[in-house]
Amino acid sequence: MKEPTLGNPQNTIQILQKYHFVFQKKFGQNFLIDTHVLEKIIRAAEIGKDDCVLEIGPGIGTMTQYLACAAGKVIAVEIDRALIPILGDTLDGFDNVRVINEDVLKIDIARLAEEENGGKPIKVVANLPYYITTPIIMGLFEGHVPVKSITVMVQKEVADRMQTGPGSKDYGALSLAVQYYAKPYVAANVPPNCFMPRPKVGSAVIRLERYSEPPVQVEDERLMFRLIRASFNQRRKTLANGLKNSPELDLTKEEIERAIAELGKGAGVRGETLTLEEFAKLSNIIYNARK
Ligand code: SAM
């Protein structure tokens with residue numbers, strides 16, 4: 001196996017010039033140019049030779065080279081056709097990598113995991129295109145893709161939202177969804193000068209370790225997530241109003257008031273003060289009352 005050659009500004013610029021590559025803003029292209037950050041990501045992801053890794057958006061193949069050295073197998077899904085010949089060049093000699101030229105939001109990742117890893121859980125590692133962070137992560141969780149962990153570079157603010165709880169302005173539907181499926185842990189904060197071109201925002205590497213069993217018991221997951229979305233859609237309203245106004249729910253005023261009282265909360269409680277346990281309990285109260 002070859003050693004990684006990319007990951008510093010000089011070699012990145014050389015490759016970009018060789019192929020007259022033009023950055024596509026619409027694809028969220030900010031390439032990593034810092035070897036320390038790359039090593040930190042690989043360490044945080046705890047990749048070993050038994051692992052099959054899905055990399056979303058390999059770019060010119062910088063992190064792919066590091067992943068190829070650490071993992072048994074790497075599947076790299078890249079949307080930008082212009083990067084495919086570059087990847088052919090930079091990944092030459094890294095024999096355990098398969099590059100797929102597709103939109104990651106349009107492929108069946110569960111099937112890919114089945115084909116490439118016999119259905120055993122894969123690890124996802126990526127410097128994500130920031131414009132689709134949430135759909136990618138939620139797609140992996142809700143699509144029941146067999147995933148052991150997700151270690152990704154995201155906007156710092158999004159990493160904060162994923163790991164926070166009630167009482168913070170960052171707390172919301174994403175926090176609850178992530179924390180229902182996984183244990184979040186921020187492995188590193190990464191400043192803009194570690195990328196080319198520099199993004200306008202700070203970044204962070206977050207590791208989401210998937211639970212084998214969710215931390216709360218829920219009778220109907222879809223109902224709980226509808227309640228969560230309804231509560232945060234109208235942040236400044238009370239929980240009761242949020243639930244009443246939701247187009248996704250069909251609950252009467254009386255049903256809502258009874259459920260909130262049974263939860264042990266006052267009529268004026270706001271959704272943003274509820275914990276995951278409380279959303280689970282509220283969802284089970286409503287589910288059982290409707291049975
Ligand atoms: N991994 C590289 C690195 O760290 O230098 C590049 C990371 S860059 C932030 C995001 C990458 O995702 C780009 O290569 C971009 O073209 C790709 N990308 C954007 N949208 C995508 C999509 N829907 N499906 C697959 N790849 C996508």
Side-chain angles (χ1 to χ4, degrees), residues 4-16 19 21-45 47 53-71 74-91 94 97-109 112 123-140 143 145 150-156 158-159 187-188 190-206:
T5 53
L6 297 168
N8 63 51
Q10 301 85 300
N11 294 2
T12 301
I13 290 169
Q14 204 182 12
I15 286 289
L16 298 176
Y19 288 91
F21 180 74
V22 180
F23 284 100
Q24 299 271 355
K25 220 172 168 184
K26 67 171 178 194
F27 290 144
Q29 292 176 338
N30 300 95
F31 298 164
L32 267 168
I33 49 163
D34 188 305
T35 51
H36 297 296
V37 174
L38 285 152
E39 282 158 10
K40 252 188 211 169
I41 296 173
I42 303 297
R43 260 202 314 276
I47 307 289
V53 174
L54 168 68
E55 186 190 6
I56 297 164
I60 61 168
T62 308
M63 195 155 71
T64 327
Q65 292 186 339
Y66 283 77
L67 289 168
C69 291
V74 182
I75 320 294
V77 180
E78 173 57 59
I79 196 170
D80 187 353
R81 199 147 34 106
L83 287 166
I84 304 305
I86 302 182
L87 288 165
D89 179 352
T90 59
L91 298 176
F94 293 89
V97 180
R98 176 179 166 200
V99 175
I100 301 175
N101 182 203
E102 286 281 359
D103 179 344
V104 74
L105 294 178
K106 294 198 179 137
I107 58 171
D108 184 343
I109 301 177
L112 195 63
K123 289 185 176 171
V124 176
V125 185
N127 169 16
L128 285 180
Y130 292 172
Y131 74 108
I132 45 171
T133 301
T134 301
I136 289 176
I137 291 180
M138 293 321 296
L140 289 167
V145 177
I150 301 175
T151 307
V152 280
M153 180 86 70
V154 297
Q155 267 185 48
K156 164 105 181 46
V158 176
V190 183
N193 62 4
C194 296
F195 302 87
M196 183 183 294
R198 291 181 184 201
K200 290 202 180 71
V201 292
S203 304
V205 177
I206 191 162

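Counting convention: from 1, in listed order, for ligands and their atoms alike. Computed from heavy atoms alone, side chains included, the values below leave out hydrogens, waters and symmetry copies. Remember, it's a predicted structure, so these values are computed and weren't measured experimentally.
Heavy-atom proximity to atom 8 (S) of ligand 1, evaluated over Gly7, Gly28, Gly59, Pro129, is greatest for Gly28. Taking all heavy atoms of Ile132, Ile79, Thr62, Val37 into account, the minimum distance to atom 26 (N) of ligand 1 is reached by Ile79. The heavy atom nearest to atom 20 (N) of ligand 1, considering only Tyr131, Phe27, Phe31, is found in Tyr131.
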Item to complete: Apply the test side-chain hydrogen bond (donor to acceptor under 3.5 Å, both in side chains) to residues Thr90 and Gln65: give CA-CA distance (whole Å), side-chain angles for both, the deciding distance (0.1 Å), then the verdict.
Response: CA-CA 8 Å; Thr90 59; Gln65 292 186 339; 4.9 Å; no
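Defined by atom type and a distance below 3.5 Å, a donor-acceptor pair is missing between the side-chain atoms of Gln24 and Asp80.
Note: an N/O pair closer than 3.5 Å links Glu78 and ligand 1 by distance alone. Checked against a 3.5 angstrom limit, the closest N/O atoms of Leu83 and ligand 1 fall outside it. The shortest N/O to N/O separation between Val104 and ligand 1 falls below 3.5 Å. In terms of N/O distances under 3.5 Å, ligand 1 is approached by Gly57.
For the pair Asn30 (side chain) and Pro197 (backbone), a donor-acceptor distance under 3.5 Å is present. Listed for the Gln155 side chain is no donor-acceptor partner under 3.5 Å among the backbone atoms of Tyr130. Although no hydrogens or angles enter the test, the distance criterion places no donor-acceptor pair under 3.5 Å between the side chain of Glu55 and the main chain of Val125. Judged by distance alone, the side chain of Glu78 and the main-chain N or O of Val99 form no donor-acceptor pair under 3.5 Å. Between the Ser203 side chain and the Met153 main chain, no donor and acceptor come within less than 3.5 Å of each other. Under a 3.5 Å cut-off, the side chain of Asp34 and the backbone N or O of Gly7 do not form any donor-acceptor pair.
Atoms of ligand 1 found under 4.0 Å from any heavy atom of Leu128 (numbered from 1 in listed order, with element): 9 (C). Of all atoms in ligand 1, listed by their number and element, those nearer than 4.0 Å to a heavy atom of Asn127 are 3 (C), 4 (O), 7 (C), 8 (S), 9 (C), 10 (C). Taking every non-hydrogen atom of Glu102 and a distance limit under 4.0 Å, the qualifying atoms of ligand 1 come out as 24 (N), 25 (C). For ligand 1, the atoms lying closer than 4.0 Å to a non-hydrogen atom of Asn30 are 7 (C), 8 (S), 9 (C). Near Val77, the atoms of ligand 1 lying under 4.0 angstrom from a non-hydrogen atom of the residue are 25 (C), 26 (N). Within the listing of ligand 1, atoms 13 (C), 15 (C), 16 (O) sit less than 4.0 angstrom from a heavy atom of Gln29.
For atom 23 (N) of ligand 1, the closest heavy atom belonging to the protein is Asp103 OD1, 2.8 Å. Ranking the protein heavy atoms by distance from atom 5 (O) of ligand 1 puts Leu32 N, 2.9 Å first.
Under the 4.5 Å side-chain criterion, counting only non-hydrogen atoms from C-beta, Val104 is not in contact with Ile79. Inter-residue side-chain proximity for Ile100 and Leu112 is flagged as met; some heavy-atom pair is nearer than 4.5 Å.
Proximity of Glu55 to ligand 1, defined as any heavy-atom pair under 4.0 Å, is confined to the side chain (atoms from C-beta onward). Counting heavy atoms under 4.0 Å from ligand 1, residue Pro58 touches it through the backbone alone. In Tyr130, neither the side chain nor the backbone holds a heavy atom less than 4.0 Å from any atom of ligand 1.
Every residue two or more places apart in sequence or in another chain that forms a salt bridge (charged side-chain N to carboxylate O under 4.0 Å, His left out) with Arg98 is listed here: Glu116.
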